[in-house]
Amino acid sequence: YVMLQIIRNVTWRDGLFSLKSFAAAMLALFIAFRLNLSQPSWSITTVYVVSQPLAGMVLAKSLYRVLGTVIGALMSLVFVALFSNSPELFCLALAIWIGICTSVSIYLRDAPQAYGGVLAGYSAAIIGLPAALAPNLAFDFAVARCLEITLGIACGTLLHHVVFPRRAGDALRKALHATLPNMAHWAEDALRGQQAEAKGLADRQRIIASVVSLDSLRVFGALDTPAIRAIDDVIRLFEGKLLSLLAMLVSAYDRLALLHRHQPETALELQPLAERTAAHIAGSADEATPQQTGSEAALLAEIEARLPPPEMLRSNPDSFLPRAFLLRLRDVLALWHEAVWLRTHITAGIHPPQTAAAPSLRPYRDIVFAILVGAISLLTILATSALWIFTAWPNGPTAITYAGIICAIMGARDDPAAAAVGFLKMSVVGALVGGIYLLVVLPPLSTYAALVIALAPFYLACGLLLSIGVPAVMPVIFVAGGLTGISNTMTYDFNVFLNDYLSYVVGIGIGGLALRLLRPLGTEWVVRRLTRGMLRDLARAAGLAVPETRTTFESRMFDRINALLMRLDPMVAAHRSMMQGGFASLRVGLNILALRRDRSELPPVATAAVDRALAALAEHFGRGGRNRLTSPLPLLEVARDSVLTLDITTVFTRTAESLYGIETTLRQHPAFFGLEVPAQPTPSAEPAIA
C-alpha cells in the first residue's frame with residue numbers, strides 16, 4: 001500500500017530529478033576512474049547528498065560542503081602533524097573539534113552555513129583517522145578525499161543547473177504571489193467570525209510557516225536567479241511588511257474574539273466593519289497595481305469615526321478594547337496596501353521609489369542547546385575512540401566516524417535517539433543492497449557501461465524517493481555506497497564486507513545510545529526551551545539600552561512561534577493554551593517596544609514610572625517567569641496611573657494603550673507568563689496592542 005501511494009505521488013519532475021542525479025553520479029564516477037582516485041564511491045554518494053529539488057539549494061549546499069570539507073581536511077592534517085604518535089591525544093583533539101563543529105551547526109540551525117559546520121566536523125574524521133594510521137601518506141589521502149567529494153559536488157551542481165533546472169527564484173516568485181491571497185483567505189474567515197479557535201490556530205500555523213519559509217527561498221533564489229539577486233533588498237522589505245501585517249491580523253482577530261466574549265454589544269456593532277474590511281482585503285489580493293479605492297477610503301473614514309476619543313480612556317476603561325481593535329483594523333488596511341504595492345514592484349523586478357532600508361530578519365538561536373549537543377558529540381567520539389584504542393579494532397576509525405555523523409545530523413531532532421534507531425534500521429536495507437551488489441552483481445562486470453546499467457535500478461529508485469521527500473533513503477545510499485566501495489581495484493571479500501558493516505552498526509549504535517542517555521528529553525523539553533526563549537526575548541526587549549527594531553523582534557518571535565506550533569496540536573486544550581500564550585508574547589513584546597520608543601517623550605515622573613515597570617518586566621521574564629513572588633503587575637498599574645494624569649496627547653494615548661495591553665495580556669495568560677493572578681480578566685481590562 002505504501003509503495004502504491006509513493007508511485008501515485010511521482011511526477012515527471014521527480015523522474016527528471018532522478019535521471020539528472022544519476023547522470024551526475026555516473027559522470028563523477030567516470031572522471032574518478034580516469035583520475036584513478038582510490039575511493040570513487042565517495043563521488044557517487046556526494047552527488048546524492050547535495051542533490052536538491054531546486055538549483056539554488058544545490059548550489060548553497062555545494063558551496064558549504066566544499067568549504068566544510070576543505071576546513072575538515074586542513075584540520076585533519078594539523079591533528080596528524082601534531083599527534084600522529086599519540087593516538088589518545090589525536091582522538092581528544094578530533095573529539096573537541098567535532099564537538100565545536102556540531103555546536104556551530106546546531107546554533108546556526110537551518111541556515112546554509114550550518115551545513116558547513118557539519119561537514120567540517122565529520123570530514124576531519126573521515127580524512128584524519130585513516131591518515132593518522134599512515135602519517136607519511138596523510139597529505140595524499142586528504143587531497144584524494146577532497147577531490148572525490150569536490151568531484152561529486154561539481155557534477156551534481158552542473159547537471160542540476162544546466163539540464164532543465166528548477167530555479168529557487170521561480171519558486172520564490174510563486175510563493176510571493178500566493179502569500180497575500182492565502183493570508184487574505186485566512187483574514188476573511190477570521191474577521192467574519194467563521195473559525196473555531198482550534199482551526200484558527202492551525203490556519204495561523206500554516207500562514208506563519210509560509211511567511212517564515214520565504215527568507216530561505218530568498219537566499220536560494222539569489223544564488224540561481226540574477227533577477228532575484230538584483231531586488232533582494234525589496235524582497236526583504238516585503239518579508240518584513242508581511243510579518244508586521246501578520247502580527248496586526250493576529251491582534252485584530254484576538255481583539256475581536258475578546259470583544260465578542262466580554263463586550264458582545266460593541267462586537268455586534270463593529271462586526272459589519274470587520275467583514276467589509278475582510279472583503280476588501282480578499283478582493284484586492286490579486287491586484288496588479290494597488291490603489292486606494294473608494295471602499296478603502298470609506299473603511300478608513302468609518303474607522304476614524306468609530307474610534308473612541310482619547311478622553312474616554314480616562315473616564316471609561318472599557319473603551320480600550322474597541323479602540324485597540326479599530327486601530328489594528330486601520331493598521332491592517334495600511335500594511336495590506338503597502339504589501340500589495342511592494343509585491344507589484346517585485347513582480348516587475350524593479351525597486352520602488354522612496355522606500356525604507358531593508359529590515360534585518362533574524363531567526364532565533366539557542367546557544368545552550370548547541371553547546372549541549374556539541375558536548376554529547378565530544379563524549380561520544382571519546383567513548384568510541386577508547387573502544388578503538390583498547391581493542392585495537394582495525395575498523396575502529398569507521399565506527400568513530402559514524403558515531404560522529406549520527407550525533408551531528410541527529411542531535412538537533414526532538415527525539416534524536418529514535419532518529420538514530422531509524423538510521424540503523426535503514427542501514428540494514430543498505431547493507432543488503434550493498435552485499436548483493438558487491439558479492440553477486442559486480443564481480444562478473446568488466447566494462448564501465450555494464451557498471452552503469454547495473455547501478456541504474458538502485459540509484460534511480462533512490463533518486464525518485466529523494467525527490468518526493470523520503471529522507472529515510474539517505475542512510476541506504478550512505479551504507480550501500482560505502483560497503484560496495486566501487487573503485488578501480490575491487491575486493492570481493494565477504495569477511496571484509498561483514499567487518500565494515502559491523503563498524504557502521506557499532507558507530508551508529510554508540511551514537512544513538514549516547515543521545516538516549518545524555519539527551520533523554522524529547523518534544524516536551526524542546527517546547528519548554530522555546531517558551532523560555534520567548535520570555536527571554538521579552539526580557540531583552542524590556543531591558544536593552546537601545547531597543548531593537550520591530551521587524552527584528554517580529555522575525556525572531558515568529559520563528560519561535562512557528563517552531564512551537566509545529567510541535568503542538570491545536571485540538572488538545574493544553575497545547576492550545578500554550579499556542580495562545582505564544583501569540584500573547586508577541587503582543588506583549590510589541591507593546592514593550594512601543595513603550596521603549598515613547599518613554600523619552602513623557603514627563604520625568606511618568607518616564608520614571610515606565611522605566612520601573614520595564615525593569616520589573618525584564619527581571620520577571622529574565623527569570624523565565626518562574627519567580628511568582630515578584631509580579632510586575634503592581635508597577636504596571638503605577639505606571640498606568642501616572643500616565644493617566646497627563647495631558648491628552650498622541651504619546652499619552654500610545655503609552656496608555658501599551659501599558660493596558662501588557663497588563664491585561666499578562667492577566668489573560670497567567671500560566672504562560674508565570675503569574676499568580678485570576679485566569680479571567682475583567683471586561684474593563686482587555687489586551688490592546690500599540
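Predicted, not measured: the structure shown is a model, and the values here were computed from it.
In this structure, Leu326 and Ile303 approach most closely via the heavy-atom pair O-CG2, 3.5 Å. Scanning all heavy atoms of the two residues, the minimum distance from Ala412 to Ile106 falls at CB-CD1, 3.4 Å. Looking at every heavy atom in both residues, Leu635 comes nearest to Ala616 through CD1-CB, 3.5 Å. In terms of heavy-atom proximity, Thr665 sits nearest to Val588 at CG2-CG2, 3.7 Å.
Here the side chains of Ile235 and Leu214 are not in contact, with every heavy-atom distance at 4.5 Å or above. Contact annotation: the side chain of Phe583 approaches that of Ile208 to within less than 4.5 Å [non-hydrogen atoms, C-beta and beyond]. Side-chain contact between Thr277 and His280: absent, with no pair of heavy atoms (C-beta onward) separated by less than 4.5 Å. Residues Leu299 and Leu273 have side chains in contact (heavy-atom distance under 4.5 Å, counting atoms from C-beta outward).
In this structure, Asn591 contributes its side chain and Arg587 its backbone to a donor-acceptor pair below 3.5 Å. A donor-acceptor pair under 3.5 Å is formed between the side chain of Ser555 and the backbone N or O of Arg362.
Evaluation of the ring pair (Phe, Tyr, Trp, His ring centres under 6.0 Å) test over residues 524-553, restricted to residues two or more places apart or in two chains, returns Phe369-Trp525.
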His345 vs His351, test: side-chain contact (heavy atoms from CB on, under 4.5 Å). Steps then yes/no. CA-CA 6 Å; His345 287 80; His351 285 74; over 6 Å; no
Check against salt bridge (Lys or Arg N to Asp or Glu O under 4.0 Å), Asp170 and Arg173: CA-CA 5 Å; Asp170 297 333; Arg173 289 193 184 100; 3.2 Å; yes
What side-chain donor-acceptor pairs closer than 3.5 Å can you find for residues 602-613, not counting sequence neighbours?
| residue | atom | partner | partner atom | Å |
| --- | --- | --- | --- | --- |
| Thr607 | OG1 | Arg599 | O | 3.1 |
| Thr607 | OG1 | Leu602 | O | 3.1 |
| Thr607 | OG1 | Pro603 | O | 2.9 |
| Asp611 | OD1 | Arg599 | NE | 2.6 |
| Asp611 | OD1 | Arg599 | NH2 | 3.4 |
| Asp611 | OD2 | Arg599 | NH2 | 2.9 |

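Taking the six-membered ring where the residue is Trp, the centroids of Trp341 and His337 are separated by 6.0 Å or more.
The cationic atom of Arg640 (NZ for Lys, CZ for Arg) lies less than 6.0 Å from the six-membered ring centre of Tyr660 and within 45° of the ring axis.
Note on Arg236 versus Asp233: no salt bridge recorded, every NZ/NE/NH1/NH2 to OD/OE distance being 4.0 Å or above. Looking at Arg556 and Asp559, no side-chain N of the basic residue comes within less than 4.0 Å of a carboxylate O on the acidic one, giving no salt bridge.
Counting non-hydrogen atoms of neighbouring residues, nucleotides and ligands closer than 6.0 angstrom, the NE2 atom of His185 reaches no more than 12 such neighbours. In Glu304, the CD atom is crowded: over 12 heavy atoms of neighbouring residues, nucleotides or ligands sit closer than 6.0 Å. Annotation for Arg306: atom CZ counts as buried by contact number, over 12 foreign heavy atoms lying within 6.0 Å.
Results of the salt bridge (Lys or Arg N to Asp or Glu O under 4.0 Å) test with Glu657 over Arg255, Arg323, Arg328 single out Arg323 as the only residue that passes.
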